[in-house]
Amino acid sequence: MKGESCWYCGKLEPVMHVDHAIPLARGGTDDWTNLVNACPTCNLRKHAKTEQEFFALIESERDDFDPALTA
């Protein structure tokens with residue numbers, strides 16, 4: 001898929017993946033309402049998490065980030 005940014009992080013990569021918001025392994029379907037664009041990094045990191053679980057993971061990583069530690 002081209003021209004659409006990642007549903008999870010907002011990046012636009014040259015190659016995008018189609019991801020199941022609710023993974024097939026967790027009862028999701030191939031219906032278009034369950035499919036989103038994902039950059040390869042997010043798609044591989046998300047694995048079998050639901051989109052809510054993955055957004056929570058991303059948010060917790062932001063909460064743990066301390067810019068003072070990188071200075």
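These numbers were taken from a predicted model, which means no experiment stands behind them.
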* To do: Not counting sequence neighbours, which residues clear ring pair (Phe, Tyr, Trp, His ring centres under 6.0 Å) with Y8? List them please.
  => F54, F55
* Any side-chain heavy-atom pair of M16 and C6 under 4.5 Å -> yes
* Roughly how far, to the nearest 0.5 Å, is the NE2 atom of H17 from the CG atom of L44? -> 6.0 Å
* Just by distance, do the side chain of N34 and the backbone of I22 share a donor-acceptor pair under 3.5 Å? -> yes
* Does CG belonging to L35 count more than 12 external heavy atoms closer than 6.0 Å? -> yes
* Structure fact -> Here the salt bridge (charged side-chain N to carboxylate O under 4.0 Å, His left out) pairs for residues 36-46, sequence neighbours left out, are D19-K46, R45-E61
* Please examine the side chains of P40 and E13, heavy atoms only from C-beta on, and report whether any two atoms are closer than 4.5 Å. => yes
* Closest non-hydrogen atom pair between C39 and C9, with its separation -> SG-SG, 3.8 Å
* List for me each residue that meets side chain to side chain contact (heavy atoms under 4.5 Å, CB included) alongside L24, sequence neighbours excluded, and say none if there are none. => H20, D30
* Rounded to the nearest 0.5 Å, how far apart are CD of E51 and CD1 of I58? -> 10.5 Å
